[in-house]
Amino acid sequence: MRIISYNLNGIRSAISKGLLDWLQQEQPDVFCIQESKAQPEQIDTLAMQELGYYSYIHSAEKKGYSGVCIFSKKEPDLVKAGMNNHKYDCEGRVLRADFGDITIVCVYIPSGTTGDIRQDFKMEFLEDFKTWVEDLRKERKNVVVCGDYNICHKPIDINHPERQVGVSGFLPEEREWMDRWETGGMIDSFRLFDTRKEQYSWWSYRFGARERNAGWRIDYHWVSEPLKARIKSARILQEAVHSDHCPVVIEIDD
C-alpha cells in the first residue's frame, strides 16, 4: 500500500498547478490531503473518479478554511469523519478510513501562529486527539496517522533551531507532546530511513525560503508499533510544487 499525504493549501489552487497530472503519474493507493479549503461541491470528485479514486471529504463549516480528504483506489471498509467533538469537527480536521487490518487517519492539526487563543486551542486539540488515537488503537492495532502536524519534533527538523525559540510549531510544550506521542508507541516512519538534516516538508512563501532551504518538517506519517516491520519506505517528495508543502509518501506491506 502506497500512501501519499499532502497539505495542498487549497485543492482548487493545487489542481490549477497540475495536481491531477502529477497524481496520475504517482498513482498512490491512498491519497490524503489537508487544507482542502473547499466545500464538498467545490471538489472535482468526477476528475478523481476518472483517475480511479473514491472520494471522502470532511470540510470545515467555515468556507475556504481547513478541511481534509481521503481519496482511495480501493473502497474502504469503514469511513468516519471527525472525533465526535464538534469543537474540532466543525473545522474539518480528522478523517479515518479502514482498509483490511490497516486504519489510516488523515489529520490537520491546528496552527497556533495567529496568537494565544489559537495556540491554546492547538494544545487542547493535541491532548484530545492523542486520547482519541489511543482509544482507536485499542480497537485497531495497525494505524497510520498522516498529515500536517504543525510541529517540528526535534532540532534536526527545522532550520536554525536556535532562532526558533518561542515560535509556535517548535515550542517546548508542542515538542514534549510529540515525545509522549512517540513513547506511547507511535513511530516517525521517515526517520527510520533518513536521519539527515535539512529534510523539510514546508517552506514559507516569503523571502525565497524554499530556494534557501530554510524549511520545517511538519508533515508526517506516524505509524503504530505493530506496523513497523511492514514499513517498506518513507520519503519526502521535495520536487512537487503544487503547494508551500511537499507531499510525504510511505509504502507498507498490506
Side-chain angles (χ1 to χ4, degrees), residues 1-37 43-44 47-48 51-53 55 67-74 95 97 99 102 104-109 144-154 156-159 169 187-205 208-223 227 230-254:
M1 178 184 287
R2 189 166 188 259
I3 308 164
I4 291 180
S5 177
Y6 202 171
N7 180 319
L8 292 180
N9 195 19
I11 189 170
R12 290 168 290 176
S13 173
I15 287 174
S16 74
K17 297 173 184 176
L19 176 73
L20 296 180
D21 290 338
W22 174 85
L23 187 60
Q24 187 171 29
Q25 177 181 328
E26 291 293 332
Q27 292 289 320
D29 298 294
V30 182
F31 183 44
C32 299
I33 72 163
Q34 304 84 45
E35 273 203 283
S36 63
K37 295 185 176 181
I43 295 174
D44 193 347
M48 299 303 295
L51 290 175
Y53 290 96
S55 298
V68 290
C69 304
I70 295 177
F71 304 99
S72 60
K73 293 278 191 178
K74 179 181 177 182
L95 187 58
F99 301 88
I102 295 175
I104 297 172
V105 176
C106 177
V107 63
Y108 176 42
I109 288 175
V144 180
V145 185
C146 65
D148 177 359
Y149 282 64
N150 271 310
I151 301 171
C152 293
H153 187 195
K154 298 180 179 179
I156 193 176
D157 297 316
I158 194 168
N159 76 93
I187 296 166
D188 180 354
S189 60
F190 178 75
R191 287 301 183 199
L192 292 177
F193 298 92
D194 195 328
T195 58
R196 294 175 296 165
K197 296 180 180 180
E198 299 183 352
Q199 302 303 302
Y200 305 132
S201 66
W202 175 80
W203 301 264
S204 169
Y205 281 132
R210 187 160 188 165
E211 290 76 13
R212 294 183 290 109
N213 200 26
W216 297 34
R217 189 172 74 94
I218 55 177
D219 302 273
Y220 301 82
H221 286 99
W222 284 85
V223 175
L227 267 178
R230 293 163 63 179
I231 303 172
K232 297 169 63 179
S233 67
R235 294 184 295 127
I236 301 171
L237 303 180
Q238 292 184 336
E239 66 276 10
V241 291
H242 314 99
S243 169
D244 53 345
H245 291 251
C246 285
V248 291
V249 58
I250 188 172
E251 293 190 44
I252 297 173
D253 284 328
D254 54 6

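Contact detail for Ala209 and Ser204: the closest heavy-atom pair is CB-O, 3.3 Å. Closest non-hydrogen pair, Ile156 versus Thr195, comes out as CD1-O, 3.2 Å. Minimum interatomic distance between Asp194 and Arg191 (heavy atoms only, all atoms of both residues): O-NH1, 2.8 Å. Residues Phe193 and Lys232 share a closest heavy-atom pair of CE2-O, 3.3 Å. Pairing each heavy atom of Ile104 with each of Cys146, the nearest pair is CG2-SG, 4.2 Å.
In this structure, Arg210 CZ and Asp244 CG are separated by 9.0 Å, a value rounded to the nearest 0.5 Å. One finds the CD1 atom of Ile250 at 6.0 Å from the CD1 atom of Ile3 (value rounded to the nearest 0.5 Å). Distance check, rounded to the nearest 0.5 Å: CD1 of Ile70 to OH of Tyr53 gives 13.0 Å. A distance of 14.5 Å separates SG of Cys69 from OH of Tyr6, quoted to the nearest 0.5 Å. Separation of atoms CG (Asn159) and SG (Cys152) is listed at 8.5 Å; rounding is to 0.5 Å. Of the inter-residue distances, the one linking His153 atom NE2 with Phe190 atom CZ reads 14.5 Å to the nearest 0.5 angstrom.
Heavy-atom neighbours of Gln24 CD from other residues, nucleotides or ligands within 6.0 Å: at or below the threshold of 12.
Under the 3.5 Å distance criterion, the side-chain polar atoms of Ser201 are matched with a main-chain donor or acceptor of Ile218. Side-chain N or O atoms of Ser189 include one that pairs as donor or acceptor with a backbone N or O of His221 at under 3.5 Å. A donor-acceptor pair under 3.5 Å links the side-chain atoms of Asp29 to the main chain of Arg2, judged by distance alone. Looking only at distances, a side-chain donor or acceptor of Ser243 sits under 3.5 Å from a matching main-chain atom of Asn7. Formation of a donor-acceptor pair under 3.5 Å by the Gln238 side chain with backbone atoms of Tyr200 is found in this model. With hydrogens and angles ignored, the 3.5 Å screen pairs no side-chain donor or acceptor of Tyr108 with any backbone N or O of Ser36.
Using cut-offs of 30° and 60° for the angle between ring planes, the Trp216 and Trp202 rings count as perpendicular.
A side chain to side chain donor-acceptor pair (under 3.5 Å) with Asn9 holds for exactly one of His242, Lys37, Gln34; it is Lys37.
Two residues are said to be in side-chain contact when any heavy atoms from C-beta on lie closer than 4.5 Å; Leu237 and Ile4 meet this criterion. Phe31 is not listed as a side-chain neighbour of Leu51, based on a closest heavy-atom distance of 4.5 Å or more. Looking at heavy atoms from C-beta onward, Tyr220 lies out of side-chain contact with Val248 at the 4.5 angstrom threshold. Looking only at side-chain heavy atoms (C-beta outward), Phe99 and Val30 come within less than 4.5 Å of each other. Using a 4.5 Å heavy-atom cutoff, the side chains of Lys17 and Leu8 are not in contact. Counting only heavy atoms from C-beta outward, the side chains of Pro28 and Leu23 approach each other to under 4.5 Å. Side-chain contact between Asn213 and Trp203: present, with at least one pair of heavy atoms (C-beta onward) separated by less than 4.5 Å.
A salt bridge is defined here as a Lys NZ or Arg NE, NH1 or NH2 lying under 4.0 Å from an Asp or Glu carboxylate O, and Asp188 with Arg217 meets this definition. Of the charged side-chain nitrogens involved, none lies within less than 4.0 Å of a carboxylate oxygen, so that Arg230 and Asp253 do not count as a salt-bridged pair.
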